[in-house]
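First comes the structure, then the notes that go with it.
FYI, the numbering just counts along the sequence from 1.
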Amino acid sequence: MAQIVTFGTLKTKAAIRDVGRVLGMPYSAVDAVAKLVPNAFNITVEEAVNKSPELKKAVEENENVARLIDIAKKVEGMPRNTSTHAAGVVITHDPVSSYVPLATNDGLVVTQYIMTTLEELGLLKMDFLGLRTLTVINDAAKASGVDIDSISIDDKKVYSLFARGKTEGVFQFESNGMKQMLMNLQPKALEDLIAATSLYRPGPASQIDTFVENSKNQNKIKYETPLLEPILKNTYGCIVYQEQVMQIFRSLAGYSYGRADVVRRAISKKKPEVLERERASFIEGCAENGIDSGTATKIFNEISDFAGYAFNKSHAACYALVAYQCAYLKTYYPAQFMAALLTSVLDDSNKVARYITESKRLGLRLAPPDINTSMKGFTASENTINYGLLGIKNLGNDFIEEIIKERENGSFTDVFDFCRRMKSSGHFNRRAVESLIRCGALDSFKANRRQMLQGLPVMISNIEKMYEKAMYGQVGFFDISDDFDEGFDLPDVEEFPKSELLKMEKEMTGLYLSGHPMDKFDDYIVKAKCARTFELIEASKGEGKYKDRDNITLCGIITHITIKQTRAKKENMAFVSLEDLYGTIEIILFPQTYLKYSSLLSDGNVIAVSGTLSLEEEKDAKVLVNTVSVPDINNIPAENAPSAKTQSKRNGLYLKFESKDDPRLKKAQTITSIFEGTMPLYFYYEDEKKYVRQPSSAFVSVNNTMLSELKRLLGEKNVALIS
């Protein structure tokens, strides 16, 4: 058995960037050319030039760009590097070396042939895919006492979570685009989730709107031939799965199982040329079943478009079941699920911040670490998530295990008791204790953090002296406790300011645990329509509503500043880490901008910036800053909207009621509460002739389902959307 090697090939944008680097062209110029390539799946350099008028114009007008593109055409598709297949393993009867040549890659034995060559040789290739989510489900189920394999897969509450788009932390359904699709689709069964996870792919994605519309209005479903109905009925007339393609080739064109599987593999392995070779045979086979060439050609073209990327249904069903199990645990055991989820992403501070924010939305409280109750990872207790000791800097795994074991002899009573009992540990050190104090893990003791930090050096020194005396027989071990208790007092000093305590927590755990400096700015962020960091992180993955070069505003606290000089003029510019409630992103201030706003840049300052979103392939999103200001939370617009005359210019969803006692008001609030989002919500009371803007917690995510229900309840003329 051996793992399989893969060749990283030069894709279109990578070819342009690599060639530009070799030619010595300025990075900014090459980057500008690469960004003109349309974001289409498997697009070639030639196709990019033909489809992008801007790129075509650049090639025609600039000799350097023309040369860059010409060379990129020649090298695209060539191997760029080798790596190890994430899950692929080849299994043979005899030693693998008797079939194929082997090599080592990062210490692993790998084949020198890629997977397609191995398959052509008739060797067995298996994919063993490990999912972090399976560990999350296992840990959450154990903590909840649930047999996850025995749960019902028809639970309405669970499907309601999907239908409301509340799928943060749910496998495969976390992105904004997927959430919006779920809210439109309103899934009610596992079959809907299987289809959803299959549709949200580059191939079938073009059919999402049709699928959703047909699911609600099945009279709109059309089949090119009656032979397609039994194949596509469950997916509302849309081709979604590889298995459906096989059925189409068998039922319409008379293909054998084996030959139909060749077509499936062509789709699976993204080999459009293999699929195209079947065109004539497919049309000919369809003719024998009474299907004219025009209809057969149309069906084949649809399959070709679909072949860009598609799941087989068995794969999609597994993914959907895993997602359903996540959603089930989140619905009925939210604390246990979020605790397991947080433990799984401890090494990713952005995800930790994002999931903690989601935990708060679910009504869960994040308890700071506690030396007497915290375990290694995050744990749940009713509606509280307890911070895990593994998330604290300078605490090794072995020392944590020793702390947990020592607690079996009784809880630690104070910092002195902790140091005395843990001193014999081979991993005890002053730095680790300081980290525990600074992050708040010893806050349950009757002393403040400043007292413990100032008294710690003398305390440890005294403990060490007493252990030395015991070692040389000057005092017995059983006498140590009494000797220690005599006259040791912590210094009488006041606690650090709240801002300093939060800073300590951030340094030790990467998080603000007893609060967040940005909490009080949340209303400002909503009303100023600032982007959230997680939305920009999604944009770097090609998801969400933001695109490269979009103008955005962002509000956050400065956590790190790096000043660098430009090569040419030796001018200062700044690279700043800006954090909000959802994560951290880098913002860049070029020399002129930095010179103008440098006085506002210091660690711990909360700033609002406007600028341009910069997205580069395989890099984190960044914001190129134009302006910087200090957000004034005291001048946020009042909750009551302005007069009706100016109100019409504001975006939002407007609902009209006779008065505040209108019996329909509570029913409308029930409907809007299901669709939480960022769109402002206004109520207009006829008797008072007044608009009232609802709190940000009542803002909505607008979709056709919600609007239809509101119009049915209030009447068409009493529901208005301005966007």
Side-chain angles (χ1 to χ4, degrees), residues 12 38-44 46-48 50-51 77 116 119-120 191 194-215 218-317:
T12 303
N39 290 319
F41 188 73
N42 270 348
I43 193 171
T44 65
E46 185 71 41
E47 290 170 344
N50 293 332
K51 291 183 179 180
T116 50
E119 288 173 348
E120 289 168 2
E191 188 75 31
I194 296 171
T197 193
S198 302
L199 280 167
Y200 202 73
R201 309 285 162 181
S206 59
Q207 298 188 82
I208 289 176
D209 291 340
T210 304
F211 184 92
V212 171
E213 183 63 28
N214 289 357
S215 70
Q218 297 191 25
N219 59 315
K220 292 187 176 183
I221 300 174
K222 295 180 181 179
Y223 301 105
E224 296 297 333
T225 167
L227 293 174
L228 286 175
E229 183 171 358
I231 301 171
L232 305 181
K233 186 176 182 179
N234 287 342
T235 52
Y236 310 112
C238 299
I239 303 174
V240 178
Y241 310 116
Q242 293 175 14
E243 288 90 339
Q244 288 176 314
V245 174
M246 292 177 66
Q247 286 179 282
I248 290 171
F249 272 77
R250 279 184 44 74
S251 300
L252 275 64
Y255 275 45
S256 65
Y257 281 111
R259 192 170 179 188
D261 191 57
V262 170
V263 175
R264 182 201 62 77
R265 288 164 62 191
I267 294 172
S268 173
K269 304 302 180 185
K270 305 173 188 65
K271 293 183 176 181
E273 70 281 358
V274 176
L275 180 60
E276 188 61 30
R277 287 201 294 266
E278 300 293 330
R279 178 183 290 271
S281 297
F282 178 79
I283 294 173
E284 184 179 324
C286 285
E288 294 179 7
N289 284 312
I291 303 171
D292 63 82
S293 62
T295 301
T297 299
K298 187 175 181 181
I299 294 170
F300 191 91
N301 288 340
E302 286 181 10
I303 293 172
S304 296
D305 293 338
F306 162 86
Y309 190 105
F311 266 17
N312 56 67
K313 189 175 183 180
S314 56
H315 188 160

- Query: Under the side-chain contact (heavy atoms from CB on, under 4.5 Å) criterion, do H315 and N312 qualify, and how do the steps go?
  - Reply: CA-CA 6 Å; H315 188 160; N312 56 67; 3.0 Å; yes

- Item | side-chain contact (heavy atoms from CB on, under 4.5 Å) between F300 and F249, worked out | CA-CA 9 Å; F300 191 91; F249 272 77; 3.8 Å; yes

- Could you check V263 against M246 for side-chain contact (heavy atoms from CB on, under 4.5 Å), going step by step and ending with a plain yes or no? CA-CA 7 Å; V263 175; M246 292 177 66; 6.0 Å; no

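The two residues N289 and L252 come nearest to each other via the heavy atoms ND2-O, 2.7 Å. Counting all heavy atoms, side chain and backbone alike, V240 lies closest to S198 at CG1-CB, 3.5 Å.
Applying the side chain to side chain donor-acceptor pair (under 3.5 Å) rule to E229 yields no partners; only residues at least two apart in sequence or on another chain are considered. For A195, the side chain to side chain contact (heavy atoms under 4.5 Å, CB included) partners at least two apart in sequence or on another chain are F211, Y241. Scanning for salt bridge (Lys or Arg N to Asp or Glu O under 4.0 Å) contacts around D209 gives an empty result, with sequence neighbours left out. Applying the side chain to side chain contact (heavy atoms under 4.5 Å, CB included) test to P38 and every residue at least two apart in sequence or in another chain returns I43, A48, K51, S52. Remark: K220 pairs with E213 by the salt bridge (Lys or Arg N to Asp or Glu O under 4.0 Å) rule, at least two apart or across chains. Under the salt bridge (Lys or Arg N to Asp or Glu O under 4.0 Å) criterion, E278 pairs with R259, not counting sequence neighbours. A search for side chain to side chain contact (heavy atoms under 4.5 Å, CB included) contacts involving A296 returns F282, I283, C286, I291, not counting sequence neighbours. Annotation: side chain to side chain donor-acceptor pair (under 3.5 Å) contacts of N50 (sequence neighbours excluded): none. Annotation: side chain to side chain donor-acceptor pair (under 3.5 Å) contacts of T297 (sequence neighbours excluded): none. Not counting sequence neighbours, R277 has no partner by the salt bridge (Lys or Arg N to Asp or Glu O under 4.0 Å) test.
Legend: salt bridge (charged side-chain N to carboxylate O under 4.0 Å, His left out) pairs involving residues 280-299, not counting sequence neighbours, sorted by first then second residue: E224-K298.
Expressed to the nearest 0.5 Å, how far CD of E302 lies from CD1 of I248 amounts to 8.5 Å.
Residues N301 and R279 form a side-chain contact, since some pair of their non-hydrogen atoms from C-beta on lies under 4.5 Å apart.
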Can you give each donor-acceptor pair under 3.5 Å made by side-chain atoms of residues 231-238, sequence neighbours left out, with the distance rounded to 0.1 Å?
residue : atom : partner : partner atom : Å
T235    : OG1  : L232    : O            : 3.3
T235    : OG1  : C238    : O            : 2.7
T235    : OG1  : Q244    : NE2          : 2.9

